[in-house]
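The chains referred to below are lettered A, B, ... by the order of the sequence lines, with proteins before strands, and numbering in each begins at 1.
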There are 2 protein chains.
Amino acid sequence: MTTGQNHCDPLESLEKAGLQKTIQRIVVLRAVIRADRPITAAEIYEDLDVAERVNKVTVYRVLASLEEAGIVRGIPTVDGMNYYEMACSHNPLHAHFYCRYCRAMTCLGPLGEEICQNLYPSCRHEADALSVSITGLCNDCRRNKTKRKEEPL
Amino acid sequence: MTTGQNHCDPLESLEKAGLQKTIQRIVVLRAVIRADRPITAAEIYEDLDVAERVNKVTVYRVLASLEEAGIVRGIPTVDGMNYYEMACSHNPLHAHFYCRYCRAMTCLGPLGEEICQNLYPSCRHEADALSVSITGLCNDCRRNKTKRKEEPL
DNA sequence: CGATACTTGCAACTGAGTTGCAAATCGGGT
DNA sequence: ACCCGATTTGCAACTCAGTTGCAAGTATCG
Ligand SMILES: [Mn+2]
Ligand SMILES: [Mn+2]
Ligand SMILES: [Zn+2]
Ligand SMILES: [Zn+2]
């Protein structure tokens, strides 16, 4: 769930992270900011307009460096694909909904303190990330409004 | 978290599910039962003793049919790999811990009613599965006792 | 500007998982 | 026990997200 529309500035973020401000990084970062939900490397790559061509490999590498710098957050899914969202505008502890048909991922509300309190102590290991996701059929797909990808249902 | 050691009988499970009782299915099922934690298709395949050779593709297909029949449950991970556990001996709603170094997955305690109550209603979609997982470093890896896979840390 | 370190693009590769298809096996009916 | 259609298996070829090696290009800083 986004905490107010995205105000993160690409250049500023890169600056603060000590990363070189290359066009590729700015283009990818803008794509993630533009999206109103977590998106994949493939989506970013495909949605690039000719003027902002970036090699597919570069998209992966840029996302990796942005994630390492804490600028974007990676979200894994049941189908093994990685989705990315801006770290600055999304609470680090919130659940996601993943539609098994159109494969769109949406953010749900943040997890309450009490839930995390219950989960973390339950594991006697060195935890560093908590991930909660709900899989199912999104409203659009249930009403058959979506044909974005194929098969399932 | 396992609810008492595994008492599921392969033949019985297949029977009840109306699936043919082939050696391959029994072998794979036994491997999942034998494991004390969720395992991958690759682990199953590699750990097969010569006497119970099963083609790798068959392992995938068997796991798919077992999952569809509700005999095993698939658990996705951050690294895109699928882990499987016996459905009969694991509460359908429990969290998992995934070690980013040795990639072993362990079951944590079941999720309290109140957590699910909080999560499910938060999404106005047709939900069909809830997945909670914690990523980090397991105790063995923290103490550097494990070298099961490579890189990370 | 020029040296140096970092980043990009391309092509080849990896590895989990899938698919098409012919051969083997299962199982219900006789 | 035997037959035949339905299911399952094995193999080889394929897919596809993601990775890697390396030479060429670009950012940054003095
Ligand atoms: Mn989110
Ligand atoms: Mn489990
Ligand atoms: Zn959908
Ligand atoms: Zn470990």
Undergrad: Just by distance, with hydrogens left out, do B/Asp79 and B/Tyr98 show a side-chain donor and acceptor under 3.5 Å apart?
TA: yes
Undergrad: Calculate the interatomic distance between B/Glu52 atom CD and D/dG10 atom C1'; express it in whole Å.
TA: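 Taking CD of B/Glu52 and C1' of D/dG10, I get 17 Å after rounding.
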Undergrad: Checking contacts here: which listed nucleotide (D/dA17, C/dT8, C/dA16) is nearest the side-chain heavy atoms of B/Tyr60?
TA: C/dA16
Undergrad: Using atom CZ of A/Arg25 as one end and atom P of C/dT7 as the other, report the distance to the nearest whole Å.
TA: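 Going from A/Arg25 (CZ) to C/dT7 (P), I get 4 Å.
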Undergrad: Are A/Leu48 and A/Arg53 packed together at the side-chain level, in the sense that at least one heavy-atom pair is separated by less than 4.5 angstrom?
TA: no
Undergrad: Checking contacts here: which listed nucleotide (D/dT19, D/dA27, D/dT7) is nearest the side-chain heavy atoms of A/Gln20?
TA: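 The nucleotide sitting nearest to the side chain is D/dA27.
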Undergrad: Rounded to the nearest 0.5 Å, how far apart are SG of B/Cys8 and NZ of B/Lys16?
TA: 8.0 Å
Undergrad: Please name the residue in the list A/Val32, A/Thr77, A/Val72 that meets the side-chain contact (heavy atoms from CB on, under 4.5 Å) test with A/Tyr83.
TA: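 Result: among A/Val32, A/Thr77, A/Val72, A/Thr77 is the only option passing the side-chain contact (heavy atoms from CB on, under 4.5 Å) with A/Tyr83.
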Undergrad: OP1, OP2 of D/dT9 versus side-chain N and O of B/Asn55: anything below 4.0 Å?
TA: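 Checking B/Asn55 against D/dT9: no side-chain N or O falls below 4.0 Å of OP1 or OP2.
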Undergrad: Could you state the atom-to-atom distance from OH of B/Tyr83 to P of C/dA16 in whole Å?
TA: 11 Å
Undergrad: Rounded to the nearest angstrom, tell me the gap between atom CD1 in A/Ile26 and atom P in C/dT8.
TA: 10 Å
Undergrad: Taking the side chain of B/Arg61 as heavy atoms from C-beta outward, which of C/dG9, D/dT8, D/dC11 is closest to it?
TA: D/dC11
Undergrad: Among the nucleotides D/dG18, C/dG27, D/dT8, which one has an atom lying closest to any side-chain atom of A/Asn82?
TA: D/dG18
Undergrad: By nearest heavy atom, map B/Lys21 and B/Gly80 onto DNA chain C; which one lands nearer the 5' end?
TA: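 On the 5' side of the pair lies B/Gly80.
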Undergrad: How long is the line joining CD of A/Glu43 and C1' of D/dC16, in whole Å?
TA: 16 Å
Undergrad: Given atom CD of B/Glu68 and atom C1' of D/dT8, what is their separation to the nearest angstrom?
TA: 14 Å
Undergrad: Is any side-chain N or O of B/Gln24 closer than 4.0 Å to OP1 or OP2 of C/dT25?
TA: no
Undergrad: Just how far, in rounded Å, is P of D/dG18 from CE of B/Met81?
TA: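 B/Met81 atom CE is separated from D/dG18 atom P by 15 Å.
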Undergrad: Any N or O donor-acceptor pair under 3.5 Å from the base of D/dG10 to the side chain of B/Arg53?
TA: no
Undergrad: Among D/dC11, C/dT8, C/dG17, find the nucleotide with the atom closest to the side chain of B/Val57.
TA: D/dC11
Undergrad: Is there a side-chain polar atom (N or O) of B/Thr22 under 4.0 Å from OP1 or OP2 of C/dC26?
TA: no
Undergrad: Starting at atom NZ of B/Lys56, determine the distance to atom C1' of C/dG17, rounded to an integer number of angstrom.
TA: 10 Å
Undergrad: Salt bridge between A/Glu52 and A/Arg25, side-chain N to carboxylate O under 4.0 Å?
TA: no
Undergrad: For D/dT9, take OP1 and OP2 only and decide whether either is under 4.0 Å from a side-chain N or O of B/Thr58.
TA: no
